[in-house]
Amino acid sequence: MPEPGLEKPVSMETATPEQHVTMDEITALAKRRGFIFQSSEIYGGINGFYDYGPLGAVLKRNVKNAWWHDTVELRDDVVAFDSSIIMHPLTWKASGHIDAFHDRMVDCKTCKHRFRYDHLTDTSQCPDCGTKDSLTEPRNFNLMMRTSIGPAEDTASVAYLRPETAQGIFVNFKNVYQSARKRPPFGIAQIGKSFRNEITPGNFTFRIREFEQAELEYFVPDDGRDMDAFAEWVDRRKDWYASYGVRPERLRFYELTAQERPHYAKAGIDVEYYFPWGWGELESIAHRGTYDLDAHMRLSGKDLRFFDEASKAHYTPLLIESSAGMDRTTLTFLIDAYEREKSVDPNGKETERTVLRFHPAIAPVQVAVFSLARNKPDLVEKARGIEAALRVRHRTQYDEGNIGQLYRRQDEIGTPYCVTVDYESLDDNTVTVRERDSMRQERISADALARMFGERL
Ligand code: ATP
């Protein structure tokens, strides 16, 4: 959580990558193909909330699985966690969210539009209607969403929807290390929903009011190797983005200066992606010292320190945190994968195609299987049989009809492989496999598909 009055760093970099897509193209594709819809659209929508459609829900799940696999499953020193969204209100007193989780906002007295004060470059006139001296004085606005528990709506029942998942981990630190029999260095990870009453939601799913975070809280002893642990996690996160193919020129790890970090943090890195509107934060990695556990020990009066059997001493471990937004990361994969390119259709005609070059582990559909004709039962049956067999191990889809159109559609949703069953397949059991990026086609035996996709996907 940022300190009050502490704002995000302004970029110092001058070299910016080329923009390859507009947000209008992304939002149109997201809606057309069923990735992301505006929430409650039939009632006019609700600002700052989105729904994931059939492909988007799978895409986001794949992104979360990729994070989970790397951060939890591949490590013997990280355990899983899943805390409740609503916690005891004192949690947010201890964490500082009640007193300091503010943004400053101003309103235009003329056009009534509202702005985040720190997002304005010029405060002398309204950026929307242009009226001079029309902005109100900035005032604090707490970003936590309130709700009430139980039937009586008095102050005793006020509660908050969590603005971050991390606090659920901190207050359970002792429960977790004791039950999982872990000693620092070890981590606790969770993915879950968070809520913030953002003053100005916007940029599609980049800044929303209900979103998902993937957080790793890694506790280390104060033995002089804490900065090594910090550097290791930064490297691990760099590798993660690289291994799923995020273009390196559109990703940067911005090191926060001492002035930009909260006073208790020893180091901080913002992971930023170059979105169509400019650089935006995907994740923050921070060395938070003992700040969080100390705060909960102070307010709760409970001892959350680790007891080291070897030295028979209690100590408060230091904390390395990696906090990534899963909606922003999903949006990043969608934007980063997007490409428009000239291609040649099966009849030799030059056309343009839109292709999402998703990594196979991220792609919502991995293999599409087509029957060349709709009304030929033996073709349909064979294609459906192939799809059913591949479905056991891969994310597949069956479709039929005009092959050119089917390829176009699968390119647009980022499917790495298409398999076509045609009349020849009935005679010799061969099929055509077409690869998304190169558009190369090869003829292979249907019996070889399982093995081929097992290796390539
Ligand atoms: P910002 O400065 O963009 O408001 P933040 O610094 O407040 O973000 P953190 O508190 O560090 O964000 O949260 C960790 C991560 O959670 C962010 O890097 C981002 O990916 C995600 N996140 C935070 N706020 C939102 C939001 N309103 N919508 C979507 N994702 C968010």
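Just so you know, ligand 1 is whichever comes first in the structure, and atom 1 is the first atom listed for that ligand. Reckoned from all heavy atoms, side chains included, excluding hydrogens, waters and symmetry mates.
- Among residues two or more places apart in sequence or in another chain, the salt bridge (Lys or Arg N to Asp or Glu O under 4.0 Å) test is passed with Arg146 by none.
- The residue among Leu282, Thr332, Asn203 with a heavy atom at the shortest distance from atom 20 (O) of ligand 1 is Leu282.
- For the residue pair Glu164/Ser194, the side-chain donor-acceptor check at 3.5 Å is not satisfied.
- Polar contact check, Phe211 against ligand 1: no nitrogen or oxygen pair lies under 3.5 Å apart.
- Contacts of Glu435 classified as salt bridge (Lys or Arg N to Asp or Glu O under 4.0 Å), with partners at least two apart in sequence or in another chain: none.
- Inclusion of Ile208 in the set of residues having an N or O under 3.5 Å from an N or O of ligand 1 is warranted.
- The Glu283 neighbourhood of ligand 1 comprises atoms 18 (O), with distances under 4.0 Å to a heavy atom of that residue.
- On a distance-only criterion, Gln213 and ligand 1 share at least one N/O pair closer than 3.5 Å.
- Seen from the ring of Tyr315, Arg305 does not count as a face-on cation partner, given the 6.0 Å and 45° thresholds.
- A donor-acceptor pair shorter than 3.5 Å cannot be found between the side chains of Tyr117 and Glu137.
- Residue contacts with ligand 1, taken as heavy atom pairs separated by less than 4.0 Å, involve Arg196 solely via side-chain atoms from C-beta onward.
- Atoms of ligand 1 lying under 4.0 Å from any heavy atom of Glu198, numbered from 1 in the order shown and given with element: 24 (N), 26 (C), 27 (N).
- Stacking of Lys238 on the aromatic ring of Phe253 is recorded, both the 6.0 Å distance cut-off and the 45° axial limit being met.
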